[in-house]
Each structure stands twice: as structure tokens, then as C-alpha cells.
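Working notes, structure below.
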Amino acid sequence: MLLCGVLVGQVLLWPTVGRAEGLTSAADCAEREFKGATGHARVTFDHEGRTYTKVTSDLTVTVPMSWTHADKLLFGPRSEGYLLAMRCLVRGDLPFGTRWEEWRPYEPVVTPGATTVTVEIRTYAWVDERRELLVGPWTVDVRSAWWEVRFTPPKIFDAVRWQDVVVDPGRPGAFRATPRPTRGDGAHGLAWTSVVPGRPITVGIEPSWPRRWSAQDDNAPFGVVDAAGYLLWDLLVAGALWRGAVLYRRRHRTLDPVERRVTANLSKWGAALFCLSLLANTDRVVYVAAGVFEDPEEWAQHARFAVHAWWLTALAGVVLLLFAGAGRRVRVVGIVLAAVAAVPGVLPGAVGLHAPTFVRPEVDGHAWYTMATVAAAAVASFTLLVLGTWAAAWRLLHDGRLLRDPGADFPLRRALALSAGGVLVICVCQAVAKERDWLRGSWPSAFVNPTYVVRWPDGTLTRQVGYGAWHRAELRSGLVWSVDQFQDWWTGKLWILTALALLAFLHAASRRRTDFSAPAERLPVLRGEPGSAERWLLLVSFPAVVVLFLGIYAANSAPTLLWFFLDVAALAVCLRWGAGQAVLHRRVGVGGPRLGDLVTPADRAVLLTAARTHRENLAKLRRLEHGQSDDAAVRREDIETELGNLRRWTSGPGGPGGAVQGRELPPGVTVVDAVLALGPQDTWWGNGVRAARYAALVSTPFAGLLTWAQTLRGDALNGTLYDPFGFPDVVWSAASWVFAFASAGFLLGALWRRLPGRRGPVKALPLAVAYAAPVGLFAVGNHLLGEEQDVLALASAAVLFVLTLTGLAMDLDTFRAERAFWPSRIPLLLSVYQLRFFSLQIAWILAQIVAGIALWQFFTGADSPPSGGGSVGK
């Protein structure tokens, strides 16, 4: 499938691979005719509000029309003449070259004049690696303690009269510069008006330590610590799952078969998650510690490490199949896929594969079976990992009794078809993105044959490998490295399986009865609330599923363990504070029982009838106050007496014993409050599922907005267009936001009876605060370190809005039996809440203020680097 994508791409997207120009001269730029040209050059370092420093180069050159290639600047941007003229201005004499780190926000602007042509070229790059960074006519030598900026234009610019050359190093400024600047420019800029060709401008800058650390996130020791942070996060999640299983076994000595399976799944999935994290991160730790990829001259030798990803990815798929307890047919398919993927990685010589040669351009090409084997290994690795994920998800859902048909076997054919189809889509996206990235990185190289001859000024001839050969080599390189990139990308999505493991366990635990003193419908509602193990796993789901990965500073994930505990602590504190304020936890009288120890699911019908009568009586009182009563015989005292009587109810046969006073509502609690506190369902699991559905529904527009902000806004669009997994990430981002919002809704519903407040929107506040508290601390850290805030404010506002709307929907669902008697849901909601126009106006104004603040902060935020830091490989 990868080969099909390659061939189709060559036909549709790469029509210029085979263009021939024959003998190419290195003196085509006609330097002698370039005299009289003038130029302006500026480089700006933007450190503020960013994880990675953004380097922007602005080059303006005005060339005389007497220059041989001046008129070619007016040609089409894909024509040979235009590329030749532009290549002279940005690259010099060599016909071919690549700059993967350089980006262009738009095509060069060409403005013709009477006797001159002016070209304005803007390029930028992100300082995200310790290396020599080329951007425009500048070279940035990124070192561990400081950076050096050199003005290194092509040789053709020796004849240019530079009107000004400016280096703006940003804060805190430069610490040395040679030659001496002519004048200053702005707060920290240095300007030169005289440039000597043999004496380049050199400026040394020392940015703040967060920018220096971020620029070394792929180098030791920073890369090792970063990978270890991800590994420890997964280890912590695995340990939390194991603790939940231990707590449940200690509480319940005897488990039924379903409980044994879901409890074992928690422990086994934790172990599988840690193994998968080891496979995904250990290779990076080893490579970084060994200093691999630090020498750009040895890039081809590094390809020998790429083949390891074939059997590592196959091993990850095998781990998932082992966890899933796959049947015989699934095991056979897994063995075949693992063999196809692992054999070329273990014995590459058997298929004629020598990775360093495979990724380099060469004239003779490679054997067809070598190409086919590499493609087959990549596809088999992809498919096995995806199939293993399907099998693991099916086991979790099956053991947790979350499938429609609990006795169904694993649908191997359907899962294999979906896995292969998904892999095919990803392969097509990779082929398109790789081609776009090639066109960007190789611009404006000449479209010449794989081999060509360069005649140098001294008359010597040199045989060179050109555009076509390098193009195909880049294609093969992408094919080799695709498995390594896919493994890192896919294993970062396995938190979904963690969520399914938690959900399956909670579902099984919610079905268990520990109190048989009365029928289930006659047990007080607080006796059926989540136990210690369930509460622990609900807390764990908050950082592991809802908030997810937070706390990366200076492009390093080392502080993430701290944020796991902060997330859990924030939710625990909010719940501990709110439990005493919850309606069902109010006590009837001094030292009396809690309301939740008196109310049973069987009382719902009685309380709903009383709640409706309560609202009707309040409406009568309101009409009496305004002189609008239509019944002159109605007396205020009678209405108030009836309202007082509604504070007592009878449970009926089998209900909790006690005097009538014991079944009276606590002071300050109305019968409407009691009904709303129960929620729309009789169990905490039912409330959680209902709230999750509502949250998933109302979160769709917010998920779309957050997805646009993360993947399609500003410079982040480059990550989508040029990253091999850019377009799949757009779909995944939207789906994951909906899933996270649904998980937050499930928490709201499952903890409904422990949350403070009488109305759903008020119950949503503790969860929103628990979400915003660590996010706020993270934002403070970003502000102190001068890093971007990403979409934190928008995400926090979205969580508040989604949970508020979910709370409203839950309250409406509680009174769904009355829906047929109201023209729409809004009047019913106003009747339940007893709201009138003034309250609505105040709420509307507050909502506008919150939305305005969130959107203002969102739209005024800084742009983010493409693909997580400016490197498409990240």
C-alpha cells in the first residue's frame, strides 16, 4: 500500500522528477552582472511567549535588469528560469540543496521597476536542536551555553551594496559582535551599513535558560530525561491501576467471574502499558545517550537504527495480542504479520537491504524485492499494532459487559479490515505530506537528472547526483523511518485503552451489591455510592483521561509526575469540600441521619409528584403577591401549609424505618432540591453514563474549536500539512477532545450525589475548578518561563461550558416525565429552577463576560511552532 501511494504520488505530484538539463555550470548565476544591486537583510530572534525561539529572516534585494536572470524572476514560480534566478539569490551556484529546517510563510514577493527588480523573501526557523541552523542568508550555530549568528549570504552577494544588515537578538541582547556595529536598531538590535565580503558579521547571544534547554531537547542529557518522563508517567498510571485492583480485592474477598476478569484486566493492562512505553521510549533513550543523530554528516549511517522499529513495533503488537488473550485464528494472523515485519529488521541482509545505502541517492537503484520487503515490513508493522489495539479494546469491553452481545467472539475479519483500511489511509496521508515536505525543503533546486556534470570556473568537471535521485532517496528514507514515527505516534494514543479498562471495571463494580438488608430499590441511595476502590479509580481517571499530559516545561516532560499528583489532589480536595455541602449529605435535625440515608430509589415517584406540587404552589404564591390569582378562595396560609406538608414523605412498605420526623427534609432543602440531587437515574453508574452522553453531544463544537486551535491555526497548520501524521492528527484531536469531555461528564454524573449545590450548573463548578487549578498553575509556570500558553484558557472555559450544559441536561432529564406538558425544554427548565427574567439577564451577562475573556486571551495568543517544535520529525 505504501508502494502504491509512492507510485501514485510520482505520477500525480512529481511530474518533474525526470527533467533533464544536461551539462550544468556552477557559474550560471552571472555574478559579474550583479553589480549595482542593493540589499537589506534582517534577522530577528523572538524568544517571548514561546517554548522554542523563532528566528525570522527578511531579505530584500534590488537587482538591475541588466542581470542575466532578472527577467526570469517574473516567470511562473514553477518554471525552470524562475527557480534558477531564485536559487542564485537564496542558495548560490549549486543546482541542488535542501533545507528542512527553513519555512516560508508565503512565496517571495517580486516587484518590477523601470530598471530594477525587487525581491522580498521572508523565511523562518525554530531553534529546536543543537546544530547549525540555516535560515535565509544567516547561519545560527546553536551551542549548549550560547548561540552564534553569522551573516553568510551566497557568494553572488559579494557585489551587493548593503544599505543595512540588522541582527535583533531579542532579550537580553547580544554579548559580543564583530565587526563593530554602525548603529543600534530598536531596544536590542544591531545594524551595519558596510559589509566586507571577507569579514562576515558575527553576533553572540545568550538567551534565557528555558530557550537554551528547549533547543537541546533531542540531545543528552535533556533527551534522556524527556523520554524518561514519558516512561515514568506510564509507570505511574500502571501503578495507580494496580492499586485500584488491590483495594477492590481487599474490600471484597469473594469476587464473581466478571469481577475477577475486570480486576485482573486492570493489573494486566498496567503491565502491558508499561511494556509498550518501554518499547516506545527505551530506543530513544539509548540513541540520545549514545549521541546518535548529532552529527549531520552521518545522517545516512543513522538509518541502520530505523530497521529496529520494525521488530519493536511488531513486538508491541504482540504484547497487545497477548493482553487480549487472542484466539487461535488471531494468533495465526499475528504470527504472520510479526514475521513479515520482524524478519527484515532482524536479518536485513537476507533481502538485500543495507539501510545506509538504501536512503542515499544512487544511479543503479535497488532491487524490486528489497523495495517490496521494506514496504511489506512497514505495512505489517502498522497493521499488527492496530489489530492488537482492536483486540485489546474488545477484551476490555467484553469482560466489562459493555458490548451489546456479551457472548460474541472477536470479529477478526472486521477488525482486520478496519486495521488495514486505517493503515491505508495513514499511508496515503504520509505520501502526500512527505511530497509537500520535499517540495518545501528542496526549493528552489533545479529539476535535473539523477546525475549531472558541473563545470566549475577553473574548468574542472564534477559528477553530481541531482534532484531526481535525491527525491527518490528521500522517498525511501521516509519509507524506512515511517514505522519508527508510527510507533511513537500510535503509542501516545493508548490512553484510550486505559480509559476503557477503567470504564469496564467501574461498570462491573457498580453491579455488585454489598448490602442485602432490603431490596435494591429500597436501599438508601448513599449505600450504593462508589466504594474506596471505585473512588480511587475515578480520581485516577481525572489525570489519565480528562486532563491528560500536562506540565511540560522547556520541551521536557520531567515535571509530569508532579502534575499527576496535583491533578488527583485538586479533584480530591474539591470532592472532600463538596461532600459536606451536598444536598444528600445534609442531616435531618441536629445529629440526625443524612438525607441520603433516608431516600431510596423507590421514593423517586413520590418525590417527583411532590416536587411538581411544590412548584405549582410557589406559582400560586407568586400570583397572589401580584394580585393575579384566579381563585378568590385560595388563601396564602393554606398554600404555605401544603408546602410544609410536602417536606415529609412516606417510603411505603419495605422502606427505611423510623418515625415520620425521620423522613423529613433537612432545613433549607426543598423537595425539588432532593429530586435534583438524586439525578435522572437510580444508580451512580446510570447517572455517569447519562452525563457522559450529554457531555459528548454538547462538546462537539468546543472540540472543533480546540482542534482548529491546536492543528489548523497559524503556524500549527504547517504541522498538519507537512507532518506525516498531520491529517490523522486532526481527526484524532477532535475525537480525543470529545472523549475527554465525555469522561469529564461521566465523572460529573458518577459523583453527582457527592457534589455540592442544588442545581446541575453549580455541581459542575467543583470539577471545573479541579480542572482549572492545575491548568492555572501550569499557565503561571509558562508565564514565568516565557513560554506559550497554547489553548489552556480556551480549554478551561470549554470544560466549564460543557459541564454546565451537561448539568442543565441532567436536571431536565430528571423531570423528563413532565416534558410532554411543556412547549419546549426552556420553560420546563425555568419552572424547575424558578428563574425569572432578572436572573436570566444576570446569567446571560456573566456568560458573555466569561466567553469574552476566554476568546480574547485565545485570539491574542502567540502562534505555535509546526508539529510540536518546528521539526517535522517531532
Side-chain angles (χ1 to χ4, degrees), residues 19-43 57-97 99 102 104 106-123 134 136-138 151-166 182 191-201 442-448 452-462 464 466-467:
R19 292 188 185 179
E21 289 190 356
L23 189 66
T24 303
S25 173
D28 284 342
C29 289
E31 298 176 17
R32 297 179 180 178
E33 302 174 5
F34 211 70
K35 293 181 179 180
T38 59
H40 304 263
R42 183 184 186 92
V43 64
S57 167
D58 290 288
L59 176 66
T60 303
V61 181
T62 302
V63 300
M65 287 298 296
S66 58
W67 182 44
T68 301
H69 305 298
D71 59 327
K72 298 183 179 65
L73 293 171
L74 307 178
F75 292 179
R78 299 295 297 170
S79 64
E80 297 285 0
Y82 176 88
L83 292 176
L84 173 60
M86 197 60 65
R87 187 166 63 252
C88 291
L89 299 180
V90 299
R91 299 290 186 267
D93 297 329
L94 293 180
F96 174 79
R99 285 193 181 181
E102 186 179 76
R104 301 187 309 278
Y106 46 80
E107 293 297 325
V109 179
V110 180
T111 305
T115 59
T116 59
V117 177
T118 301
V119 182
E120 300 176 15
I121 306 172
R122 166 166 286 194
T123 55
L134 302 178
W138 304 90
F151 184 52
T152 55
K155 191 174 182 301
I156 190 175
F157 285 108
D158 291 349
V160 173
R161 179 171 57 86
W162 295 100
Q163 297 180 346
D164 57 4
V165 176
V166 180
T182 306
W192 290 261
T193 56
S194 176
V195 178
V196 180
R199 190 183 179 189
I201 295 172
S442 63
W443 181 90
S445 298
F447 298 129
V448 296
Y452 62 96
V453 177
V454 175
R455 176 182 290 121
W456 298 96
D458 59 2
T460 60
L461 299 178
T462 304
Q464 301 285 341
Y467 186 93

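- Counting heavy atoms from C-beta on, the side chains of Val90 and Pro444 come closer than 4.5 Å.
- Nearest heavy-atom pair across Cys88 and His69 is SG-CD2, 4.4 Å.
- Heavy atoms only, all atoms of each residue included: Thr38 and Val160 are closest at C-CG1, 3.7 Å.
- Taking every heavy atom of both residues into account, Cys29 and Gly92 meet most closely at SG-O, 3.6 Å.
- The minimum heavy-atom distance linking Leu83 with Pro77 is given by the pair CD2-O, 3.7 Å.
- For the pair Arg42 (side chain) and Thr60 (backbone), a donor-acceptor distance under 3.5 Å is absent.
- The two residues Ala70 and Val117 have their closest heavy-atom pair at O-CG2, 4.2 Å.
- Under the side-chain contact (heavy atoms from CB on, under 4.5 Å) criterion, Thr115 pairs with no residue, sequence neighbours left out.
- For the side-chain contact (heavy atoms from CB on, under 4.5 Å) test, residues two or more places apart in sequence or in another chain that qualify with Pro112 are Leu74.
- Applying the salt bridge (charged side-chain N to carboxylate O under 4.0 Å, His left out) test to every pair with at least one member in residues 109-118, sequence neighbours left out, gives no pairs at all.
- The backbone N or O of Gly113 lies less than 3.5 Å from no partner atom in the side chain of Thr116, so there is not a single donor-acceptor pair.
- With sequence neighbours excluded, the residues that form a side chain to side chain donor-acceptor pair (under 3.5 Å) with Glu33 are Thr68.
- Take Lys35 and apply the salt bridge (charged side-chain N to carboxylate O under 4.0 Å, His left out) test, not counting sequence neighbours, and it matches no residue.
- At least one side-chain heavy atom of Pro108 sits under 4.5 Å from a side-chain heavy atom of Tyr82.
- Residues that satisfy the side-chain contact (heavy atoms from CB on, under 4.5 Å) test with Ser57, not counting sequence neighbours, are Thr123, Val135, Pro137, Trp138.
- Residues satisfying the side chain to side chain donor-acceptor pair (under 3.5 Å) test with Asp158, not counting sequence neighbours, are none.
- For Thr118, the side chain to side chain donor-acceptor pair (under 3.5 Å) criterion is met by Thr62, not counting sequence neighbours.
- A distance of 14.0 Å separates CZ in Arg91 from CD1 in Ile156, rounded to the nearest 0.5 Å.
- Remark: Asp164 engages Arg183 in a salt bridge (charged side-chain N to carboxylate O under 4.0 Å, His left out) (not counting sequence neighbours).
- For Val61, the side-chain contact (heavy atoms from CB on, under 4.5 Å) partners are Phe34, Leu59, Val63, Phe157, not counting sequence neighbours.
- Looking at Trp162 and Ile201, their side chains never come closer than 4.5 Å, going by heavy atoms from C-beta outward.
- Residues meeting the salt bridge (charged side-chain N to carboxylate O under 4.0 Å, His left out) test with Asp58, sequence neighbours left out: Arg122.
- Applying the side chain to side chain donor-acceptor pair (under 3.5 Å) rule to Glu120 yields no partners; only residues at least two apart in sequence or on another chain are considered.
- Between Met86 and Val119 the shortest side-chain heavy-atom distance falls below 4.5 Å.
- Scanning all heavy atoms of the two residues, the minimum distance from Ser442 to Tyr467 falls at OG-CE1, 3.8 Å.
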